[in-house]
Amino acid sequence: MSSYKPVDSPDKTTIFSYHDLTPPTTRDIYKARQTVEQYLPRTPLVRSESLSAELDANVLIKREDTLPTRSFKIRGFYNLVAELAPEFREKGLITASMGNHGQGMATAAREFDVPATIVVPATLENQTKISSMKRLGATVIKHGEDFDDAREHAEQRAAEEGYRYVHGGNEPHLIAGRASAGLEVMEDCPEVDVVINPVGGGSSASAYALTVGKLLGGDVIGVQATGADAVYRAWSEGTIEFQEQADTFAEGINIRTPFALPLQIMQDHLTEMMVVEDDDIRAAIRKLLTEDAVLAEGAAAVSVAAAVQLGDELAGKTVVLPITGSNLAAGKLRDILGDS
Ligand SMILES: *Cc1c(COP(=O)(O)O)cnc(C)c1O
């Protein structure tokens, strides 16, 4: 009954026949956008006066935190669930998540009346993300020490029980749907010079690379945390090795495995990759909150930390910084504001 067929994958995460490693075409991206815009509002692109002054640049922040579930991840799921093969409608979807990907999946699955099962690591501290997934009607399973343990468990359950396993990155439909953000930037600000975007699995950065990068000829820079730099290394060294450990407080990008499809797209269309320290991510969260009254979670604030690190290199440019999510646990926010 199950159509799950694990096959070899270049990134050593198992894939099944639905995990096509073909990058979405421009046509796929525009088509996905038609689905996404039926369900989601366009997000605001607003100038940050404080960052513009600090960097002597025109700095615009893209408020992905204003989407339902407060992160960009949801963009991909309306496209993926709308195209779901009928054999999976009853059993539904399974994925592994640090919270935002799962919330996005749960929201779209509820819209289309498809069950959603989400495996999170047992160590995930962000209770708000967990209760949000449950409130959206998803079944939440806690398993393993980190994201990659949870991912392997989700893959195994999918093989055994016949779910549609949704990979965190090797999903052309997710990338195409998430690329709607890049199309919005192209329309709202065709003069954009550079987008600086966080990288976990790389779905979002590869989506900007296929739009603002490939279509518009802008620079797209990907950013990881120094403690979780598997994709940075893979991209820089042209390899695809997973790391034994990943350790950043920014749980949304705390992964140790590069994924083949987004990595391939980033290798073709990303200008640069860089890393930032956790302390600089914390400082970026404080800066956004105090200067712009914008709450960013760690994974989102890396783009601001990277812009500050690039400093003079950005002078005179039009820079877009996507605020990819705002689901910062209250305890972390307290610590960050406390040690200022
Ligand atoms: C998942 C996530 C990222 C990283 O996105 P990828 O597509 O996995 O690279 C960045 N910011 C937030 C808030 C996230 O939830």
Side-chain angles (χ1 to χ4, degrees), residues 11 13 43 61-77 80 95-105 107 118 120 124 126 128-129 132-133 147-148 150-151 166-182 195-210 220-225 228-232 234-235 246 248-263 265-266 270 273 276 281 284-285 288 294-306 321-329 332:
D11 60 21
T13 66
T43 61
I61 56 180
K62 178 138 178 84
R63 300 289 308 274
E64 297 289 275
D65 56 302
T66 62
L67 288 167
T69 72
R70 298 183 295 276
S71 97
F72 77 94
K73 291 261 173 37
I74 193 168
R75 288 180 181 272
F77 282 106
L80 186 139
T95 199
S97 175
M98 298 298 282
N100 289 339
H101 177 82
Q103 290 181 69
M105 187 174 96
T107 308
I118 297 153
V120 301
L124 181 64
N126 195 322
T128 317
K129 287 179 173 173
S132 160
M133 289 186 274
F147 171 76
D148 292 282
R151 176 178 54 70
V166 181
H167 196 283
N170 295 336
E171 295 282 1
H173 280 104
L174 280 190
I175 294 175
R178 290 172 184 170
S180 53
V195 176
I196 305 175
N197 195 72
V199 174
S203 72
S204 174
S206 61
Y208 278 110
L210 287 173
V220 179
I221 299 176
V223 191
Q224 290 209 295
D229 63 352
V231 179
Y232 169 76
W235 189 87
T248 167
F249 85 100
E251 75 271 7
I253 52 171
N254 195 28
I255 81 166
R256 51 186 165 84
T257 314
F259 298 145
L261 174 59
L263 182 63
I265 297 170
M266 290 191 285
L270 208 66
M273 275 207 74
V276 293
I281 303 172
I285 292 174
L288 276 166
V294 170
L295 178 64
E297 63 181 280
V302 297
S303 49
V304 173
L321 306 177
I323 303 302
T324 49
S326 66
N327 292 308
L328 183 63
K332 281 185 183 169

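Heads up: numbering here begins at 1 and tracks the sequence. As the structure lists them, so they are numbered: ligands from 1, and atoms in each ligand from 1. Side-chain atoms are counted along with the backbone in the values below, which use heavy atoms only and exclude waters and symmetry mates. The model shown is predicted, which means the values in this text are computed figures rather than measured ones.
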Apply ring-ring contact (aromatic ring centres under 6.0 Å, His included) to Phe259 and list each qualifying residue two or more places apart in sequence or on a separate chain.
His167
For Ala230 versus Pro258, what's the shortest heavy-atom pair and its separation?
O-CG, 3.9 Å
Output all residues satisfying side-chain hydrogen bond (donor to acceptor under 3.5 Å, both in side chains) with Thr324, sequence neighbours left out; order by chain, then residue number.
none
Got a sec, which residues hit ring-ring contact (aromatic ring centres under 6.0 Å, His included) with Phe147, two or more places apart in sequence or on another chain?
none
Between CG on residue Leu80 and CZ on residue Arg75, distance to nearest 0.5 Å
16.0 Å
With no hydrogens and no angle check, do the side chains of Asn170 and Asp11 hold a donor and an acceptor under 3.5 Å apart?
yes
Identify, chain by chain and in numerical order, each protein residue with a heavy atom under 4.0 Å from an atom of ligand 1.
Phe72, Lys73, Asn100, Pro198, Val199, Gly200, Gly201, Gly202, Ser203, Ser204, Gly252, Ile253, Glu297, Ala299, Thr324, Gly325
